[in-house]
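Each chain gets a letter, A, B and so on, in the order its sequence line appears, and its residues count up from 1. All of these numbers come straight from a predicted model, not from anything done at the bench.
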Amino acid sequence: MLDIRFVRENADAVKAAMINRNAEVDVDALLALDSRRRAIVAEAEVLKAERNKISKSIGLMIKEGKDPESIKAEVREMGDKISAFDEDLRKIDAQLREGLLYIPNMPSATTPVGKDENDNPVIRFWGEKKTFDFEPAMHWDLGASLKLFDLERGAKIAGSGFPLFTGRGAKLERGLIQFMLDLHTEENGYTEIAPPFMCNDVAMTGTGQLPKFAEDMYAVPLDGLYPIPTAEVPVTNMYGNEILDQELPICLTAYTPCFRREAGSAGKDTRGLLRVHQFDKVEMVKFTTPETSAEEHEKLTLDAEKVLQKLGLHYRVIELCTGDLGFSAAKCYDIELWAPAQDKWLEVSSCSNFHDYQARRANIRYRNEDKKTTFVHTINGSGVALPRLVIAIMENNQNADGSIDLPEALWPYMGGLQKLA
RNA sequence: GGAGAGGUGUCUGAGUGGUUUAAAGAGCACGCUUGGAAAGCGUGUGUGCGCGAGAGUGUACCGGGGGUUCGAAUCCCCCCCUCUCCGCCA
């Protein structure tokens with residue numbers, strides 16, 4: 001969330017940023033609450049100071065054998081007033097926090113201003129489009145004929161959007177996960193984390209899923225838990241309410257399944273593995289100082305790209321403009337894979353710098369060079385999400401006979417298997 | 001799920017209603033001392049919020065939330081977590 005003091009001192013900039021984001025936020029209402037809050041705090045604290053003084057003198061009187069009854073009544077009255085102030089304050093604090101939790105992050109100064117996804121600039125391409133001397137098949141047809149997954153049976157036991165992988169398809173999932181984790185831990189310098197796959201509402205609020213996006217998540221109300229929509233939630237919040245004494249940056253990677261209700265996208269991309277309710281993903285998360293976060297964000301994006309380069313897949317990197325930027329992000333690159341049968345770019349990674357937005361919500365701090373406690377910057381990105389990666393591998397590497405060549409980097413992870421036939 | 005024991009600052013650990021403004025020790029920082037170091041001595045050492053240009057000052061915080069009281073780390077209620085034993089279980 002934003003710092004209320006920042007909002008107070010930069011009200012116009014905040015309002016402008018919200019317009020660029022297409023977000024409707026009543027900044028003035030929040031500032032009115034804030035000034036009421038400070039007025040009440042000031043008044044209440046004067047009373048409290050006085051009460052503390054008199055209470056102390058009552059203690060002394062008792063020790064000296066004097067009768068404090070007359071003063072007690074007076075202080076009791078004071079206490080009632082203080083209680084009333086505290087009650088008001090509790091309400092205002094809650095309203096203020098709630099209001100702040102619904103304000104999206106300020107876009108970075110380097111984030112391009114734009115209205116929607118059509119204004120997202122392409123930053124770079126890698127590789128090139130593959131050409132075929134036959135009509136490339138869709139991944140759902142390839143997957144069915146090669147028996148890599150069985151989406152009907154997945155739908156039978158859980159519902160559509162819950163893929164069920166079989167045989168070599170299941171092994172490919174496992175192999176890809178291990179390939180990516182090995183790459184990030186052995187070459188890119190990340191430490192592997194195996195976190196809980198469910199989180200509570202505090203964690204979900206810390207990274208920004210709650211309170212605004214509750215309907216995007218599955219929930220287990222009986223236990224107050226949510227199956228995670230991304231490893232970002234447990235891995236970022238593992239340092240919640242802490243002052244980190246480790247050297248920054250901290251670079252972590254984690255494999256987790258991800259659960260998303262995809263509310264609001266019903267009927268879109270419903271076929272095959274394009275958009276599913278449960279998928280596997282390897283995530284990278286960094287905790288950095290404000291000074292190095294921009295640089296670490298660029299490096300993390302390159303770390304995600306390395307996965308695709310090793311697999312020999314054509315991709316492009318785009319930068320999200322202010323109108324398309326995610327709620328908590330200040331700056332974000334999307335990496336998109338080319339899928340020839342789909343004839344589309346498929347998003348497989350979203351690499352975001354959140355600045356101190358999540359750190360403030362989750363209360364994650366470190367001591368800077370002056371020993372002053374400071375909010376860290378958090379960065380994360382997919383490295384990468386599996387279903388669309390699998391689609392791209394299948395569609396790009398297919399042969400006329402319906403077989404699929406596996407990228408060489410995967411051979412060791414597939415027990416030497418080089419081709420799905 | 002049942003029974004019990006715990007949760008105090010960076011750490012160890014005292015504190016069962018009133019100069020607690022949380023003892024003491026360790027650690028850490030700075031200073032003195034020293035050829036240099038250790039030891040010794042001295043000083044300092046939390047977080048949030050309010051006010052203040054600043055020095056500073058007020059307030060809140062002893063797992064979390066409520067309550068009793070003029071006054072709560074301390075008493076009462078609810079919850080969370082850790083440990084031990086029992087039960088159940090991959």
Side-chain angles (χ1 to χ4, degrees), chain A residues 1-9 30-101 194-206 210-211 220-226 234 237-248 250 257 287 356-376:
Chain A
M1 69 189 145
L2 301 183
D3 182 356
I4 185 64
R5 275 174 302 195
F6 175 85
V7 178
R8 196 189 299 152
E9 288 158 20
L30 217 58
L31 289 177
L33 263 182
D34 172 54
S35 82
R36 244 180 86 204
R37 175 182 171 275
R38 282 181 296 145
I40 294 174
V41 165
E43 209 168 337
E45 288 195 349
V46 169
L47 267 179
K48 283 182 185 176
E50 201 171 333
R51 179 184 64 180
N52 287 349
K53 226 181 276 174
I54 298 179
S55 286
K56 209 164 278 182
S57 76
I58 289 177
L60 280 175
M61 286 174 79
I62 291 172
K63 206 171 263 179
E64 291 165 7
K66 293 180 192 159
D67 177 20
E69 281 311 316
S70 58
I71 303 182
K72 271 194 188 182
E74 188 189 326
V75 184
R76 197 175 297 134
E77 217 169 284
M78 240 181 206
D80 292 342
K81 269 191 213 160
I82 290 170
S83 297
F85 278 133
D86 281 347
E87 179 70 17
D88 273 1
L89 215 49
R90 238 198 311 272
K91 279 186 203 151
I92 291 175
D93 276 342
Q95 282 175 41
L96 203 55
R97 180 173 163 79
E98 183 78 358
L100 283 170
L101 287 178
F197 295 162
M198 296 217 264
C199 283
N200 58 30
D201 58 344
V202 174
M204 289 297 176
T205 304
L210 289 180
V220 185
L222 189 62
D223 298 291
L225 292 170
Y226 301 83
N237 283 287
M238 63 186 269
Y239 290 122
N241 287 317
E242 291 190 35
I243 298 173
L244 303 175
D245 55 6
Q246 306 162 62
E247 201 178 319
L248 299 179
I250 298 171
F287 302 82
D356 62 2
Y357 186 86
Q358 292 183 325
R360 188 171 274 112
R361 289 172 83 109
N363 194 23
I364 305 170
R365 293 171 294 175
Y366 78 108
R367 289 186 204 283
N368 68 13
E369 285 172 3
D370 306 328
K371 299 282 177 210
K372 210 171 160 318
T373 55
T374 310
F375 289 108
V376 300

Considering only the C1' atoms, how many Å lie between B/rG52 and B/rA37, rounded to the nearest integer? 45 Å

Check whether any side-chain N or O of A/Arg5 sits under 4.0 Å from OP1 or OP2 of B/rC49, and answer yes or no. yes

Considering residues, nucleotides and ligands other than A/Glu369, do more than 12 of their heavy atoms fall under 6.0 Å from its CD? no

Considering just the side-chain nitrogens and oxygens of A/Arg365, establish if one lies under 4.0 Å of OP1 or OP2 belonging to B/rU47. no

For A/Asp34 and B/rC49, give me the distance from atom CG to atom P, rounded to whole Å. 12 Å

For A/Ile82 and B/rU69, what is the distance between atoms CD1 and P respectively, to the nearest whole Å? 15 Å

Does a side-chain heavy-atom distance below 4.5 Å link A/Tyr239 with A/Val376? no

Run through A/Asp3, A/Asn363, A/Ile364 and flag the one making a side chain to side chain contact (heavy atoms under 4.5 Å, CB included) with A/Phe375. A/Asn363

Distance check, P atoms only: B/rU10 and B/rA23, in whole angstrom units. 14 Å

Among residues 85-96 of chain A, which residues get a heavy atom nearer than 4.0 Å to RNA chain B? A/Arg90

CE (A/Met238) with more than 12 external heavy atoms under 6.0 Å: yes

Pairs touching residues 85-95 of chain A that satisfy salt bridge (charged side-chain N to carboxylate O under 4.0 Å, His left out), sequence neighbours left out: A/Arg37-A/Asp93, A/Lys48-A/Asp86, A/Glu87-A/Arg90

If you compare every side-chain N and O of A/Arg76 against the phosphate oxygens of B/rC70 (OP1, OP2), does one of them come in below 4.0 Å? yes

Please measure how far the C1' atom in B/rG67 lies from the corresponding atom in B/rU12, and state the result in whole Å. 33 Å

Using atom P in both nucleotides, what's the gap between B/rC75 and B/rA14 to the nearest angstrom? 16 Å

Report the distance from atom CG of A/Asp201 to atom P of B/rG64, rounded to the nearest whole Å. 17 Å

Which nucleotide in the list B/rU47, B/rG50, B/rC70 gets nearest to the side chain of A/Val41? B/rG50

Among B/rC70, B/rA60, B/rU47, the one nearest any side-chain atom of A/Lys48 is B/rA60

Side chains of A/Leu2 and A/Tyr357: closer than 4.5 Å at any heavy-atom pair? yes

Inter-nucleotide C1' distance (B/rC11, B/rC86), Å rounded: 34 Å

So what does A/Ile71 touch, heavy atoms closer than 4.0 Å: a base, only the sugar-phosphate, or nothing? nothing

For atom C1', what is the distance between B/rU20 and B/rU8, given to the nearest Å? 13 Å

Between A/Ile54 and A/Met78, is any pair of side-chain heavy atoms under 4.5 Å apart? yes

d(CG, A/Leu244; P, B/rU10) in whole Å: 14 Å

When the C1' atoms of B/rA60 and B/rG27 are considered, how many whole Å apart are they? 28 Å

For A/Arg38, is there an ion pair with A/Asp34 - N to carboxylate O distance below 4.0 angstrom? yes

Quick check on RNA chain B: between A/Gly79 and A/Ser57, whose nearest nucleotide comes earlier from the 5' end? A/Ser57

Can you figure out which of B/rU21, B/rG58, B/rG71 approaches the side chain of A/Lys56 most closely? B/rU21

Secondary structure of RNA chain B per the Watson-Crick/G-U criterion (both distances under 3.5 Å; [ ] crossing, | other strand, . unpaired) is ((((((((.[[[..)..(.....]]]((((((.......))))))((((((....)))))).[[[[[..)....]]]]])))))))....

Winner on side-chain proximity to A/Ile243, out of B/rC70, B/rU47, B/rG50, is B/rU47

A/Leu100 CG to A/Arg361 CZ distance, which is reported to the nearest 0.5 Å: 9.5 Å

Could you give the NZ-to-P distance, from A/Lys81 to B/rC70, as a whole number of Å? 16 Å

First encountered from the 5' end of RNA chain B, between A/Arg367 and A/Glu50: A/Arg367

Quick one, A/Asn237 and A/Val202 - any side-chain contact, counting heavy atoms below 4.5 Å? no

Write down the distance between CD (A/Glu45) and C1' (B/rG58), rounded to a whole number of angstrom. 6 Å

A/Ile40 CD1 - B/rU59 C1' separation (whole Å): 15 Å

Quick check for you: to the nearest 0.5 Å, what is the distance between A/Ile40 atom CD1 and A/Ser35 atom OG? 9.5 Å

Output the rounded distance in Å from CG (A/Asn200) to P (B/rC81). 10 Å

Please measure how far the C1' atom in B/rA24 lies from the corresponding atom in B/rG15, and state the result in whole Å. 11 Å

Mind checking A/Asn52 for me? I need base, sugar-phosphate or nothing, with any heavy atom below 4.0 Å counting as a touch. sugar-phosphate

If you look at every strand shown and take non-hydrogen atoms under 4.0 Å, does A/Arg8 touch a base, only sugar-phosphate, or nothing? sugar-phosphate

Contact check, side chains of A/Arg8 and A/Ile4, non-hydrogen atoms, under 4.5 Å: yes

Would you classify A/Thr373 as touching base, sugar-phosphate or nothing, given that sugar-phosphate means primed atoms plus P, OP1 and OP2, and contacts are heavy atoms under 4.0 Å? sugar-phosphate

